[in-house]
K.L.:
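Quick one: the structure is below, questions incoming.
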Number of protein chains: 2
Amino acid sequence: MLRDGPAHRPSTKAHDLRIGLLDLIESAGVGERLPSERELAGRWGVARMTLRKAIERLIEEGRLERRHGSGTYTAQAPYARLFGLSSFTEDMRQRGLTPSSKVLRLRKVRASTDAASRLQIPVGEDVLRFTRLRLADGEPMALETVLIPSADVPGLSTKDLAGSIYEVLWDRYRISTASAQTTITPVLPDERSAAALGIPSSQPCLHIDMTDLDNRGRTIMVADCLYRGDRYELTIDLAAPAFPITKAGVRQ
Amino acid sequence: MLRDGPAHRPSTKAHDLRIGLLDLIESAGVGERLPSERELAGRWGVARMTLRKAIERLIEEGRLERRHGSGTYTAQAPYARLFGLSSFTEDMRQRGLTPSSKVLRLRKVRASTDAASRLQIPVGEDVLRFTRLRLADGEPMALETVLIPSADVPGLSTKDLAGSIYEVLWDRYRISTASAQTTITPVLPDERSAAALGIPSSQPCLHIDMTDLDNRGRTIMVADCLYRGDRYELTIDLAAPAFPITKAGVRQ
DNA sequence: TAGTGGTCTAGACCACTAC
DNA sequence: TAGTGGTCTAGACCACTAC
């Protein structure tokens, strides 16, 4: 059933099983139970240990979860996979704060040379550009400007921007971030940004620049964020054995 | 040979094998070859697959390396494991810059309440405290103050502080960092720091506060660093499938 | 060519869950 | 108690290395 062409590189059985498992995951809903390991191993004619290896890799990737004695389940929506850094909404909730947003601008623009280069699209292409004030417990926390190729998000409007953009991209367009590149620098805000954030322009801020890529390395969007240095701190926990965990913290 | 007490928690064979493997790693030099999987499995009376599982975990932790057809080897010194963030020396080299250091102060002090709490030692205990200017291509890049319990590093002196402290701790005291907690905030430097870094005090900087822990969760040292915002930027690459890679970048 | 790691098999028994 | 994942066994054959 599974194997394909002859002169193919990674063609191990575990890799073929991966494809089959991904199909199952795709067609299943979030949190749904897969057939048992014995059932799947039998169905695909492989040893259970071999199947388990393929499952383990998908667990590492955050696509599956196992519950001892119960079963193997599809994991939560992939937009939650990139830890704290990716989603302001998630960050704030983890801190026990209530996130909200105020859309300051939303319009369609033509990609500048710089934007086109970052988005990997032709110069002049239509791009949706919006700026939001992100709040925590009603108080300004960050100012964020996002660029997304218009063609990817037909019909996206202001009312979709109340919460996590990751959630909207996934729920509505089935777009999900597989990796992100982030650059962090300390800056002083310009007058306008300082006013929007409610801080003096002498207050240092974290400038967090992010590019989100899908699983084929194509750019999904770029985001330019300015976080208040007096309220926000970035925490990175690096652990040698397990995965480094990155999360954002809030200074009390 | 391996199993210990009865009412013990993780007591799987793979866990017992881990202990045996760690002993081998400890007594071997860096880059040395271990006995083959078949040899070790025979010696310890387990199936090869079981041994492999224990080896795989140590590979994930960066302690071992496998070379197909050749053997299993002890990995490079563990101080290099924590990616860019941990070692200024490594960071700069990766960027093609030449790192150097200038020790500004080094003395033994008594732990303040705050220091004692961060280092997990009694208040008033002897602590080695040093401040270094870190340079890249001869130009100031960061100002760093480090605290280490004196008892852990007998004989450490100024001449040991020319390069990576991680390297010294490992080579000389066999102390290695297993995890690190880092907090990042944007700040304006005080007059004295600004002068040392050769920047105006209106130049925002990244304040990076780090606590290094060993594999039992004990604090090894705390470091307080001020990075020039005009020369230094932090880059974080998050990838969903593999390990997030954190590295520091230098603005050109 | 001998020895190594890489993958896979077809079982076994245990620990846990959900009923 | 039936079904699930968790661990382990004792092999097999393949791919690669180092000589």
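Protein chains get the first letters and strands the later ones, always in sequence-line order, with residue 1 at the start of each.
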K.L.:
Ignoring backbone atoms, test whether Arg48(A) places a side-chain nitrogen or oxygen under 4.0 Å from the OP1 or OP2 oxygen of dA10(C).
P.N.:
no

K.L.:
Both Arg67(A) and Ala47(A) contact DNA chain C. Taking the nearest nucleotide for each, which residue is further toward the 5' end?
P.N.:
Ala47(A)

K.L.:
Please round to the nearest 0.5 Å and tell me the distance separating atom CG of Leu206(A) and atom CG of Leu234(B).
P.N.:
9.5 Å

K.L.:
Kindly compute the distance separating NZ (Lys159(A)) from CG (Leu161(A)), expressed to the nearest 0.5 Å.
P.N.:
9.5 Å

K.L.:
Partner of dA18(D) by Watson-Crick or G-U wobble geometry, both contacts under 3.5 Å, or none?
P.N.:
dT1(C)

K.L.:
Measure from the side-chain N and O atoms of Tyr166(B) to the backbone N and O of Ile175(B), and report whether any donor-acceptor pair falls under 3.5 Å.
P.N.:
no

K.L.:
What is the separation between atom CZ on Arg66(A) and atom C1' on dG6(D), rounded to the nearest whole Å?
P.N.:
8 Å

K.L.:
Please confirm whether the shortest side-chain N or O distance from Thr50(A) to OP1 or OP2 of dT9(C) is below 4.0 Å.
P.N.:
yes

K.L.:
Between dC8(C) atom P and Ile55(A) atom CD1, what is the distance in whole Å?
P.N.:
14 Å

K.L.:
Can you check the Leu51(A) CG to dA10(C) P distance for me, whole Å?
P.N.:
14 Å

K.L.:
In this structure, how many angstroms lie between the P atom of dT17(D) and the CZ atom of Arg33(B), rounded?
P.N.:
14 Å

K.L.:
On DNA chain D, compare the nucleotides closest to Gly69(A) and Gly45(B); which residue's is nearer the 5' end?
P.N.:
Gly69(A)

K.L.:
Find the distance Glu56(A):CD to dC8(C):P and express it as a whole number of Å.
P.N.:
13 Å

K.L.:
Any N or O donor-acceptor pair under 3.5 Å from the base of dG5(D) to the side chain of Arg38(A)?
P.N.:
yes

K.L.:
Round to the nearest Å and state the distance from Asp16(A) atom CG to dC8(C) atom C1'.
P.N.:
13 Å

K.L.:
dG5(C), OP1 or OP2 - any side-chain N/O from Ser70(B) closer than 4.0 Å?
P.N.:
no

K.L.:
Is the shortest side-chain N/O distance from Arg52(B) to OP1 or OP2 of dG5(C) below 4.0 Å?
P.N.:
no

K.L.:
Paired with dT9(D) by Watson-Crick or G-U wobble geometry, both distances under 3.5 Å: which nucleotide is it?
P.N.:
dA10(C)

K.L.:
Quickly work out the Glu65(A) CD to dT4(D) C1' distance and round it to whole Å.
P.N.:
16 Å

K.L.:
Just compare dT4(D), dA10(C), dG5(C) and give me whichever is closest to any side-chain atom of Ser36(A).
P.N.:
dT4(D)

K.L.:
May I have the distance from Tyr73(A) (atom OH) to dC16(C) (atom C1'), rounded to whole angstrom?
P.N.:
12 Å

K.L.:
Looking only at atom types and distance, does a side-chain atom of Ser70(A) sit under 3.5 Å from a main-chain N or O of Arg67(A), one as donor and one as acceptor?
P.N.:
no

K.L.:
Side-chain N or O of Lys53(B) versus OP1/OP2 of dG6(D): is the shortest distance under 4.0 Å?
P.N.:
no

K.L.:
Establish, from distance only, whether the side-chain atoms of Thr74(B) and Glu32(B) form a donor-acceptor pair under 3.5 Å.
P.N.:
no

K.L.:
So, His68(B) and dA15(D): ring centres less than 5.5 Å apart, planes less than 30° off, yes or no?
P.N.:
yes

